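This report refers to the structure that appears directly beneath it.
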Amino acid sequence: MHQANEKDKFAAQREAMVLTQLKSRDITNSAVLNAMAEILREKFIPAEYFDEAYYDGPLSIGSGQTISQPYIVALMTQELKVDKNCQVLEIGTGSGYQTAILAKLAKEVYTIERIENLSATAQKTLGDLNILNVRFHIGDGTCGWPEVRQFDRIIITAATPQLPEPLAEQLKIGGLAVLPLGGEYTQELVTIEKTSSGLKSKFVCGCRFVRLIGKFGYTE
Ligand code: SAM
């Protein structure tokens, strides 16, 4: 009985999140809305924040890191224009929540996290949810995926002073990247399209993320 009530509580909170935090703002892509309605955000939240699983903001996931606000996850996914033909590279696995949303929409997701225990927890969560089209790597994502490979889409979920050069190289011509670009405290969310004549960026909105730490990001 208690379990059934918990399930109902989260289902109602998830429905309300989609309505009041996403649809009432500017999330209009039905595939993104469906993925956000389907993925159980409570599975990615540490036990002490369980009751805030659908809070309209970021939450701590330990190791000084955060799971992003639901709206930002949806917005970045919508801006990335992902479909079932896409191979996506994600830098900053974190809790794996954004990874799970992307995995619903893409052919495959390749995700890199520098903090081992966060990646291990995310791998277990996605495994438990039977999300199988994801490859995980632990290391410095600013150096790119550690095999020669190019991606249709790249998403960086931590603040970076630039699109790291190895990532620009691993983006296909015609591909799109979404990232929080700028200083350590505030950034601009931008999309970058790689064309045959160079990189074209577009401003989306102001934002605030934890730092991307690595060879082509910030120093620790
Ligand atoms: N999207 C994630 C989620 O849904 O939980 C939240 C990501 S969190 C805002 C940013 C993550 O980027 C952190 O887990 C952090 O450890 C990771 N990170 C920072 N620098 C990194 C790097 N160079 N390579 C890989 N991951 C990095």
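In this chain, residues are counted from 1 in sequence order. What you see is a predicted model, and the numbers here were worked out from it, not measured in a lab. Start at 1 and go down the list; that is how both ligands and their atoms are numbered.
Each of the following atoms of ligand 1 lies closer than 4.0 Å to a heavy atom of Leu118: 14 (O). Each of the atoms 19 (C), 20 (N) of ligand 1 lies under 4.0 Å from some heavy atom of Arg211. Listed by number with element, the atoms of ligand 1 under 4.0 Å from a non-hydrogen atom of Ile67 are 4 (O), 5 (O). Each of the following atoms of ligand 1 lies closer than 4.0 Å to a heavy atom of Leu212: 19 (C), 20 (N), 21 (C), 22 (C), 23 (N). Applying the 4.0 Å criterion to heavy atoms of Ile112 picks out, from ligand 1, the atoms 25 (C), 26 (N).
Residue contacts with ligand 1, taken as heavy atom pairs separated by less than 4.0 Å, involve Val210 solely via side-chain atoms from C-beta onward. Of the heavy atoms in Val73, none comes closer than 4.0 Å to ligand 1. Only the side chain of Ile115 comes within 4.0 Å of ligand 1, counting heavy atoms alone; its backbone N, CA, C and O stay farther away.
Aromatic rings from Phe50 and Phe10 are positioned such that their centres are separated by under 6.0 Å.
The closest approach between a heavy atom of Gly139 and any atom of ligand 1 is below 4.0 Å. Within the 4.0 Å heavy-atom cutoff, Lys215 does not count among the residues contacting ligand 1.
Atom 14 (O) of ligand 1 has its closest protein heavy atom at Glu113 OE1, 2.7 Å. For atom 3 (C) of ligand 1, the nearest non-hydrogen atom of the protein is Ser95 OG, 3.5 Å. Distance from atom 13 (C) of ligand 1 to its nearest protein heavy atom, with residue and atom name: Gln65 OE1, 3.2 Å. Protein heavy atom nearest atom 24 (N) of ligand 1, with residue, atom name and distance: Gly141 N, 2.8 Å. Of the protein's non-hydrogen atoms, the one nearest atom 7 (C) of ligand 1 is Thr157 OG1, 3.3 Å. Of all protein heavy atoms, the one closest to atom 26 (N) of ligand 1 is Arg114 N, 3.3 Å. The closest protein non-hydrogen atom to atom 2 (C) of ligand 1 is Thr93 O, 3.7 Å. Considering only non-hydrogen protein atoms, atom 4 (O) of ligand 1 sits nearest to Gln98 N, 3.2 Å.
To the nearest 0.5 angstrom, Leu89 atom CG is 5.0 Å from Ile112 atom CD1. Separating the CD atom in Gln98 from the CD1 atom in Ile72 is a distance of 10.0 Å, to the nearest 0.5 Å.
The backbone N or O of Gly141 lies less than 3.5 Å from no partner atom in the side chain of Arg114, so there is not a single donor-acceptor pair. Gln187 contributes a side-chain N or O that, together with a main-chain N or O of Phe209, makes up a donor-acceptor pair within less than 3.5 Å.
Arg14 and Tyr54 share a side-chain donor-acceptor pair at under 3.5 Å. Using modelled atom types, one finds a donor on one side chain and an acceptor on the other under 3.5 Å when comparing Thr99 with Glu90. Counted by atom type alone, Gln150 and Gln170 present zero donor-acceptor pairs between their side chains at under 3.5 Å.
Geometrically, Arg25 engages Tyr71 in a cation-pi contact defined by less than 6.0 Å to the ring centre and at most 45° from the axis.
Val190 has its side chain out of reach of Val178: every pair of non-hydrogen atoms, C-beta onward, lies at least 4.5 Å apart.
Ion pairing of Asp140 with Lys215 is absent here, as no side-chain N (NZ or NE/NH1/NH2) approaches a carboxylate O to less than 4.0 Å.
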